[in-house]
Amino acid sequence: MKPIDLVLGIETSCDDTSIGLVERNGFVRAVVSANQDSVHQPFGGIVPEIASRNHTLQVLPLVDECLRQAGCMWEDVDGLAVTNRPGLLGSLLVGVVTAKTLALSLDLPFLGVNHLEAHLIAPFLRDTQFTPPAQFQFPYVALAVSGGHTQLYIAHALGRYEVLGRTLDDAAGEAFDKFAKMIGLGFPGGVAVDRLALGGDAKAFEFPRALATQNNMDFSFSGLKAAALRQLEKMTADEVESQKAALCASFQQAIVDSLLNKLDLAVRTAGLKTVVITGGVSANSQLRAQATEWASRKGLTLVIPPPRYCTDNGAMVALLGAMRMNRGEVSSQTMGPLARMEPQEFGGGI
Ligand code: KG4
Ligand code: ZN
């Protein structure tokens with residue numbers, strides 16, 4: 001079989017349209033993305049129908065732009081990868097149809113990949129500005145923390161993942177977004193909370209760290225959300241306004257403490273020295289700073305990919321496609337999108 005050296009990855013599972021061109025060794029030649037935040041902002045959340053319509057407008061111009069930025073022609077591309085599960089069905093469909101059409105017309109192999117697995121292997125990506133530590137390899141403990149997911153895994157090897165814990169209710173990103181909405185910071189609000197929290201006292205308000213004393217690796221953020229709402233109801237609009245930074249810092253600290261508390265337990269349980277934090281929330285500056293300090297205190301190798309590879313992106317999809325296609329996997333034209341993945345994937349863990 002001819003090696004698949006350069007893969008074009010297509011990511012449209014939610015509201016970001018992103019295309020990446022990645023070598024099988026993880027080197028990113030180019031990644032280009034368009035987010036739809038401003039389109040969904042007036043609705044306070046993602047409207048699936050609007051998301052898929054925007055993907056149809058953006059996907060092909062982004063494919064062209066990605067090839068242009070990488071200085072590549074179609075003849076240089078050996079395969080196509082596309083997120084086909086899990087996600088919003090209409091959004092996934094746009095990527096899947098695009099990949100299948102390109103594969104058919106250009107006579108290229110293509111593979112549908114799992115979005116969560118793509119987040120898990122994102123730390124293998126590298127470019128001229130970022131290289132993971134030389135010793136980074138499977139197995140590792142991974143915290144995948146985004147708007148839709150908050151899970152702890154052991155990544156034993158490519159395709160072998162063990163779920164250690166997960167959120168029982170909201171994802172951490174969802175909690176950030178809901179809190180941001182409560183205090184009028186718009187949608188999605190994680191970044192805005194992060195930014196405001198920089199100037200605030202994280203001890204000003206007492207927010208709960210759910211399940212902290214329990215010897216499991218699950219998360220829960222609904223109690224935190226309710227506590228924040230109760231706190232806000234006790235305050236006047238002027239008080240909220242003047243204490244926004246402290247509210248953000250205290251809320252953010254509660255999430256970061258919960259995440260790191262369970263991550264620490266996961267590392268001890270797994271007996272591993274390599275840790276990955278990935279997904280959109282890993283862009284959070286307090287989480288990054290505190291995790292880095294924790295890892296160095298514990299003598300762990302911690303990899304948090306740069307934000308461009310933590311949020312939804314086509315590069316992680318391309319790399320996962322390259323890894324799997326070089327094991328001989330390919331999809332057929334009958335492949336469709338799946339809103340939910342098969343229960344047996346990830347050992348039935350999600
Ligand atoms: O992985 P992602 O781009 O999309 C999926 O959910 O799959 O993650 C988006 C989530 C949103 O909830 C957003 O508010 C959150 O990541 N987020 C942040 C930060 N940047 C993005 N949350 C906290 N601090 C940030 N700096
Ligand atoms: Zn994601």
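Fair warning: this is a prediction, and the values are worked out from it, not measured in the lab.
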Tell me, which pairs form a salt bridge (charged side-chain N to carboxylate O under 4.0 Å, His left out) where one or both residues lie in residues 123-148, sequence neighbours left out? D127-R308
Is a side-chain donor-acceptor pair under 3.5 Å present for Q290 with Q286? yes
Other residues, nucleotides, ligands: >12 heavy atoms within 6.0 Å of E206 CD: no
Using a 3.5 Å distance criterion without hydrogens, assess whether the side chain of K225 forms a donor-acceptor pair with backbone atoms of A175. no
Ignoring hydrogens and angles, tell me if any N or O in the side chain of N84 forms a donor-acceptor pair with the backbone of G336 under 3.5 Å. yes
Hey, is the main chain of G87 close enough, under 3.5 Å, to the side chain of S91 for a donor-acceptor pair? no
Hydrophobic cluster of L21, others only, ordered by chain and residue number, side-chain cut-off 4.5 Å: L6, L8, I10, I19, V32, V59, L60, L62, V63, L67, W74, V77, L80, V82, V94, V96, L102, L106, L108, F110, M335
Step by step, work out the side-chain hydrogen bond (donor to acceptor under 3.5 Å, both in side chains) result for E11 and S13. CA-CA 6 Å; E11 163 59 44; S13 66; 2.6 Å; yes
Does the side chain of E162 come under 3.5 Å of the side chain of Y153 through a donor N or O and an acceptor N or O? no
Take atom CG in N25; do more than 12 heavy atoms of anything else shown fall under 6.0 Å from it? yes
Run the ring-ring contact (aromatic ring centres under 6.0 Å, His included) test against F124 and tell me which residues pass, sequence neighbours left out. F136, F138
Check: S18/S33 side-chain N/O donor and acceptor closer than 3.5 Å: yes
Apart from I46 itself, what residues make up its hydrophobic cluster when side-chain heavy atoms of I, L, V, M, F, W and Y under 4.5 Å apart count as a link, directly or indirectly? L88, F187
Share the residues that join L168 in a hydrophobic cluster, the rule being Ile, Leu, Val, Met, Phe, Trp or Tyr side chains under 4.5 Å apart at the heavy-atom level. L211
Taking the hydrophobic residues Ile, Leu, Val, Met, Phe, Trp and Tyr, and joining any pair whose side-chain heavy atoms are under 4.5 Å apart, which ones share a cluster with I50? V39, F43, V47
Is R53 atom CZ crowded by more than 12 heavy atoms from other residues, nucleotides or ligands, each under 6.0 Å away? no
Does a donor on one side chain and an acceptor on the other come within less than 3.5 Å for H55 and D15? no
